[in-house]
There are 2 protein chains.
Amino acid sequence: MSGNGHEPAPTARLLAESTGWLLNDAAREVTLRLEEALKGDDLRWRDYGVLVVLEAAGPLSQQEIGRRLAVDRSTMVHIIDVLEQRGLVVRSRDKTDRRAYSIELTEPGRTLLVEVLHPLTAEVHGRVIGRLTLEDRAHLNRILGQLVGGP
Amino acid sequence: MSGNGHEPAPTARLLAESTGWLLNDAAREVTLRLEEALKGDDLRWRDYGVLVVLEAAGPLSQQEIGRRLAVDRSTMVHIIDVLEQRGLVVRSRDKTDRRAYSIELTEPGRTLLVEVLHPLTAEVHGRVIGRLTLEDRAHLNRILGQLVGGP
DNA sequence: TATTGTTATACTCTATAACTATA
DNA sequence: TATAGTTATAGAGTATAACAATA
């Protein structure tokens with residue numbers, strides 16, 4: 001990339017009145033740093049997303065995971081392929097619908113999540129969000145929640 | 001795409017405690033709608049960004065525009081190509097450094113911005129951000145500004 | 001020697017469409 | 001007839017590296 005190494009995205013300063021630009025810059029800021037941190041474990045932001053979804057919701061079909069992350073089912077195939085090869089998830093046929101898989105977190109997957117990935121992302125997260133007061137963090141989460149929750 | 005047509009990105013509900021996910025979902029929400037709105041004028045979010053940067057800062061080199069939008073100079077070539085072909089910007093050689101172009105907004109470009117694009121994006125923006133109270137909007141902008149402005 | 005714009009190229013990401021097996 | 005997963009493929013977007021003109 002060009003100018004987005006570690007400096008803040010400068011669009012913000014130019015267009016501080018536009019929430020859209022700010023949102024994009026902020027999201028890029030956080031995502032870039034998380035991607036950087038996850039690179040050590042050879043995982044992408046999206047892979048981590050799959051693991052987190054499975055941890056939170058239990059076994060799901062590929063399509064359902066994709067729906068929750070806004071990823072197409074054909075794209076999910078590759079993502080699950082990689083995670084399965086690394087032993088972080090397993091595919092087994094859904095008992096009640098044998099067209100679908102039941103994707104499940106393995107013990108190594110769960111361990112990686114708890115012992116490595118969560119601390120790692122929490123650290124990055126803290127570094128970026130750490131600039132904000134606790135009050136502002138709560139504000140931000142509440143406001144963003146309203147934004148994405150609406151119609 | 002799969003599940004991100006018009007429904008809110010569902011990651012948020014699952015991981016409401018993680019600002020990173022929320023930021024991504026919110027940014028995607030806004031960007032998708034803006035892209036949709038700009039489609040009528042056959043422009044992308046990023047093209048609009050170039051026009052806005054030029055409007056705010058005056059003539060700039062391709063590389064400088066790219067730096068401000070976090071886009072590589074090789075990518076800028078194509079973007080400016082299209083905008084120039086549509087008569088929205090002009091390339092002229094920089095007087096003091098004849099390696100560089102001076103990219104300038106044309107009158108049609110400025111007019112399109114003022115009469116069409118700004119109202120359009122303001123409308124979309126209002127539709128998404130409109131869910132928030134005026135107070136929350138101010139909060140959000142201030143907090144995001146802190147996030148992207150920091151080290 | 002360094003830098004702007006350019007080109008060619010390659011890589012990543014993703015979706016579309018057609019297929020299979022199940023429902 | 002519809003759906004989950006798969007596959008092949010194609011398109012968009014982007015960066016890397018080498019080159020010409022200029023500094």
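Chain A is the first sequence line, chain B the second, and so forth, proteins listed ahead of strands; every chain is numbered from 1.
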Check: Can you name the side chain to side chain donor-acceptor pair (under 3.5 Å) partners of A:T75, sequence neighbours left out?
Finding: none

Note to self: Tell me the interatomic distance from A:M76, atom CE, to D:dA4, atom P, rounded to whole angstroms.
What the structure shows: 13 Å

Notebook entry, point to check: Can you list the residues that meet the side-chain contact (heavy atoms from CB on, under 4.5 Å) rule with A:R127, with sequence neighbours excluded?
Noted result: A:R33, A:E123, A:V124

Next item on the list: Could you note down all residue pairs passing side chain to side chain donor-acceptor pair (under 3.5 Å) where residues 101-117 of chain A supplies at least one of them, sequence neighbours left out?
Entry: A:R93-A:Y101

Note to self: How many whole angstroms separate atom CD1 of A:I65 from atom C1' of D:dG5?
What the structure shows: 12 Å

Quiz: residues 52-62 of chain B side-chain donor-acceptor pairs under 3.5 angstrom, not counting sequence neighbours:
residue, atom, partner, partner atom, Å
B:E55, OE1, B:H118, NE2, 2.9
B:E55, OE2, B:H118, NE2, 3.4
B:S61, OG, B:E64, N, 3.0
B:Q62, OE1, B:R91, NE, 2.9
B:Q62, OE1, B:R91, NH2, 3.0

Notebook entry, point to check: Between B:D94 (CG) and C:dT3 (C1'), how many Å, whole number?
Noted result: 13 Å

Next item on the list: Whole angstrom is fine here: how far is it from CH2 in B:W45 over to P in D:dT14?
Entry: 13 Å

Checklist line | Interatomic distance where CZ belongs to A:R98 and P belongs to C:dT20 [whole Å] | finding: 18 Å

Next item on the list: Nearest whole angstrom, please: distance from the P of D:dT9 to the CG of A:D72.
Entry: 18 Å

Next item on the list: If a protein heavy atom is under 4.0 Å from the base, mark B; if only from the sugar-phosphate, S; if neither, -; do that for nucleotides 5-12 of chain C going 5' to 3'.
Entry: BBB----S

Next item on the list: To the nearest Å, give me how far apart CG (B:D97) and P (D:dT22) are.
Entry: 11 Å

Margin query: I'd like to check B:L22 versus A:L147 (side-chain heavy atoms, cut-off strictly below 4.5 Å). Are they in contact?
Written below: no

Checklist line | Those residues that, when tested against B:S92, pass side chain to side chain donor-acceptor pair (under 3.5 Å) (two or more places apart) | finding: none

